[in-house]
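Below is one structure; the comments refer to it alone.
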Amino acid sequence: MPKYDIISDVVDEETQTSDGDSDVRSRLMLIGAAMFLVVAAVMHRSTTGAAAITNNDNAALILSLTHSSTADAEPLTLKQPQAESLLDLPLTCIDQEFPNKLNQIISGKDDLRTPKSLHPAFYGCFDWHSSVHGHWSLVRLLKTFPDIQKRDVIIDRLQSHITEDNIRGELAYFANPESETFERMYGWVWLLKLAEELHNWDDPAAKTLEENLHPLTDLIVEKVEAFLPKLVYPIRNGMHTNTAFALGMVYDYAESVGHVSLRELVVKRSKEYYLSDVGCPMTWEPSGHDFLSPCLEEADLIRRVLDEKELIDWLESFLPKLASSDFELQPAIVSDRSDGLLVHLDGLNYSRAWCLKGLAEASPKLGHLNAIANNHIEHSLPELVNGHYQGGHWLGSFALMSLTN
């Protein structure tokens with residue numbers, strides 16, 4: 001979409017919702033800044049080539065998302081121009097085999113194989129779980145924007161990856177005794193998220209893809225059902241193994257596909273793990289490599305398994321300041337986006353946002369959290385497409401979740 005059309009969208013939305021002369025002036029200044037960025041991008045393109053203007057493109061796109069961050073702010077949502085800006089991240093990386101982190105236990109020389117031979121469906125995007133949620137991103141974009149650019153290309157790539165033969169190859173990897181804990185539970189739940197998205201996608205291509213994936217989906221469900229009764233204590237860190245995040249994802253899958261016993265297991269374990277928790281130390285967050293908030297992921301899970309009154313009562317002990325309209329939470333600062341661990345903090349900003357939005361939706365008493373969620377998204381989104389594969393191979397999925405979940 002041409003940039004002047006994006007700016008027109010900003011003008012239309014901002015002028016229709018202005019509340020006074022000073023507000024109009026500030027909004028017009030925002031529009032002027034966006035127009036400046038577009039002109040600068042065009043000039044930069046003429047001297048350094050199209051690939052060099054990535055950040056300017058993103059800056060103009062994020063301004064078309066921006067609106068008032070007042071206490072009654074509506075949650076930011078993704079529009080098609082931004083969706084098409086995000087598209088190339090997963091579309092490119094699902095076929096990019098290297099660099100790759102296999103997270104593999106080597107039991108013999110025959111295990112020393114290429115990523116694609118080990119994982120014929122999910123070999124790209126640096127690691128298995130990022131490849132899986134890269135595929136989820138493509139399905140979510142197609143489902144949300146049916147006429148998105150490159151629609152036919154996306155469907156072709158999905159159909160070439162999620163085949164019966166490729167899924168048999170993935171099953172063979174999990175059948176190895178050394179793979180018992182492979183991607184537990186982070187990669188597992190992203191696989192269920194992909195299955196859920198395919199299940200809810202009303203498109204002729206979806207049924208075949210869902211059927212092809214089904215044997216692996218069933219295996220992951222079996223692994224979750226076997227593991228949760230053995231997990232005596234929840235894992236409360238801010239990275240891949242966080243239990244609350246995983247349980248929330250499993251709950252959503254079970255609810256979506258009507259898997260009653262799996263949903264009941266998640267509800268049971270969630271209450272056993274977390275209902276007695278009090279005084280979650282938000283001031284201890286974030287840790288240096290976090291991409292999940294232990295406190296907010298737990299709250300986001302519990303809002304699924306309690307009714308509104310029970311949730312508010314529980315939050316009074318768990319995060320007593322959260323329900324206050326003057327609750328504040330600053331976005332995490334990323335000092336170096338070329339560092340694969342430090343850039344996790346951009347992911348934290350997105351995951352905090354989806355937790356806060358989920359809580360705001362659960363109760364009107366928490367509606368003020370939308371503005372904080374918006375602030376977190378706006379902090380990191382302009383840097384999303386910056387040429388650094390360390391974040392680019394996975395952050396698109398987190399941004400998409402924060403804007404569409």
Side-chain angles (χ1 to χ4, degrees), residues 103 129 132-133 180-193 196 220-256 259-307 310-322 329 332 344-345 347-348 350-359 362 366 369 398 401 405:
N103 194 24
H129 54 257
V132 171
H133 65 63
E180 175 65 24
T181 63
F182 177 70
E183 291 286 354
R184 189 176 75 188
M185 293 180 57
Y186 186 74
W188 296 1
V189 301
W190 273 115
L191 191 285
L192 295 183
K193 193 68 175 176
E196 174 192 347
I220 296 302
V221 170
E222 291 173 8
K223 292 175 78 66
V224 170
E225 291 175 326
F227 176 62
L228 283 179
K230 298 188 294 185
L231 184 66
V232 178
Y233 311 106
I235 302 165
R236 302 175 183 272
N237 64 14
M239 293 180 63
H240 304 83
T241 53
N242 181 282
T243 303
F245 167 78
L247 289 176
M249 296 275 272
V250 177
Y251 181 95
D252 291 347
Y253 166 80
E255 183 83 354
S256 179
H259 197 311
V260 176
S261 63
L262 182 61
R263 179 186 177 278
E264 290 175 347
L265 174 61
V266 171
V267 172
K268 177 178 182 292
R269 294 309 270 159
S270 298
K271 291 181 176 181
E272 290 169 347
Y273 290 147
Y274 300 117
L275 282 193
S276 63
D277 286 356
V278 297
C280 198
M282 279 294 295
T283 56
W284 292 13
E285 297 185 22
S287 295
H289 297 165
D290 279 358
F291 59 85
L292 299 170
S293 163
C295 291
L296 291 180
E297 290 295 340
E298 182 173 335
D300 192 40
L301 168 66
I302 294 302
R303 59 97 179 162
R304 291 166 164 91
V305 303
L306 298 181
D307 64 30
E310 292 171 332
L311 172 64
I312 296 300
D313 289 345
W314 178 79
L315 284 173
E316 286 181 1
S317 297
F318 180 68
L319 281 174
K321 295 182 179 180
L322 196 68
L329 184 63
H344 278 185
L345 293 167
L348 176 65
Y350 296 129
S351 65
R352 279 179 173 178
W354 75 56
C355 291
L356 293 165
K357 289 169 68 175
L359 290 163
L366 302 173
L369 299 180
F398 270 54
M401 182 90 89
N405 209 34

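Count residues from 1 along the sequence.
A search for salt bridge (Lys or Arg N to Asp or Glu O under 4.0 Å) contacts involving Asp277 returns Arg236, not counting sequence neighbours. Residues satisfying the disulfide (SG to SG under 2.5 Å) criterion with Cys355, sequence neighbours excluded, are absent altogether.
Contact annotation: the side chain of His259 approaches that of Ser261 to within less than 4.5 Å [non-hydrogen atoms, C-beta and beyond]. For the pair Phe245 and Leu301, the minimum side-chain heavy-atom distance is 4.5 Å or more. The shortest distance between side-chain heavy atoms of Lys357 and Met401 does not fall below 4.5 Å. Between Phe227 and Arg184 there is a side-chain heavy-atom pair separated by less than 4.5 Å. Side-chain contact check for Leu228 versus Leu247: some heavy-atom pair is nearer than 4.5 Å. Within the 4.5 Å cutoff, the side chain of Ser293 has heavy atoms near those of the Met282 side chain.
For the residue pair Glu316 and Pro320, the shortest heavy atom distance occurs at O-CB, 3.2 Å. Closest non-hydrogen pair, Phe318 versus Cys295, comes out as CE2-O, 3.4 Å. Here the shortest heavy-atom pairing between Tyr251 and Val267 reads CE1-CG2, 3.8 Å. A pairwise comparison of heavy atoms in Ala332 and Pro286 identifies CB-CG, 4.4 Å as the closest pair. Among all heavy-atom pairs drawn from Pro294 and Asn237, the shortest one is CG-O, 3.5 Å. In plain terms, the two heavy atoms of Leu292 and Leu348 that are nearest each other are C-CD1, 3.4 Å.
Salt-bridge formation is not detected for the pair Glu264/Lys268: no Lys NZ or Arg NE/NH1/NH2 atom is positioned less than 4.0 Å from an Asp or Glu carboxylate oxygen.
The line from OH of Tyr273 to CD1 of Ile235 is 8.5 Å long, rounded to the nearest 0.5 Å. Leu366 contributes atom CG, which lies 6.0 Å from atom CG of Leu315 (distance to the nearest 0.5 angstrom). Atom CD in Glu255 sits 11.0 Å away from atom CG in Leu262 (nearest 0.5 Å). The line from CZ of Arg352 to CG of Leu329 is 4.0 Å long, rounded to the nearest 0.5 Å. Rounding to the nearest 0.5 Å gives a distance of 6.5 Å between CG of Leu359 and CG of Leu369. Remark: Cys280 SG to Leu319 CG distance equals 5.5 Å, nearest 0.5 Å.
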Derivation and outcome, side-chain contact (heavy atoms from CB on, under 4.5 Å), residues Thr241 and Met185: CA-CA 6 Å; Thr241 53; Met185 293 180 57; over 6 Å; no
Intermediate values then yes/no, side-chain contact (heavy atoms from CB on, under 4.5 Å), Leu275 and Ile302: CA-CA 8 Å; Leu275 282 193; Ile302 294 302; 4.2 Å; yes
side-chain contact (heavy atoms from CB on, under 4.5 Å) assessment of Trp188 paired with Lys223: CA-CA 8 Å; Trp188 296 1; Lys223 292 175 78 66; 3.2 Å; yes
Test side-chain contact (heavy atoms from CB on, under 4.5 Å) applied to Val189 and Lys193, step by step: CA-CA 6 Å; Val189 301; Lys193 193 68 175 176; over 6 Å; no
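Ring centers of His240 and Phe291: under 6.0 Å apart, within the cut-off.
In this structure, Arg304 contributes its side chain and Asp300 its backbone to a donor-acceptor pair below 3.5 Å. Distance alone, capped at 3.5 Å, places no donor-acceptor pair between the Arg269 side chain and the Val266 backbone. Although no hydrogens or angles enter the test, the distance criterion places no donor-acceptor pair under 3.5 Å between the side chain of Tyr253 and the main chain of Arg263. At least one donor-acceptor pair under 3.5 Å links the side chain of Glu310 to the backbone N or O of Asp307. Remark: side-chain polar atoms of His129 are not paired, donor with acceptor, to backbone N or O of Gly187 under 3.5 angstrom.
Asp252 and Ser256 share no donor-acceptor pair across their side chains, judged by distance under 3.5 Å alone. Side chains of Tyr186 and Trp190: a donor on one and an acceptor on the other come within 3.5 Å.
Ring planes of Trp354 and Phe398: tilted class, angle from 30 to 60°.
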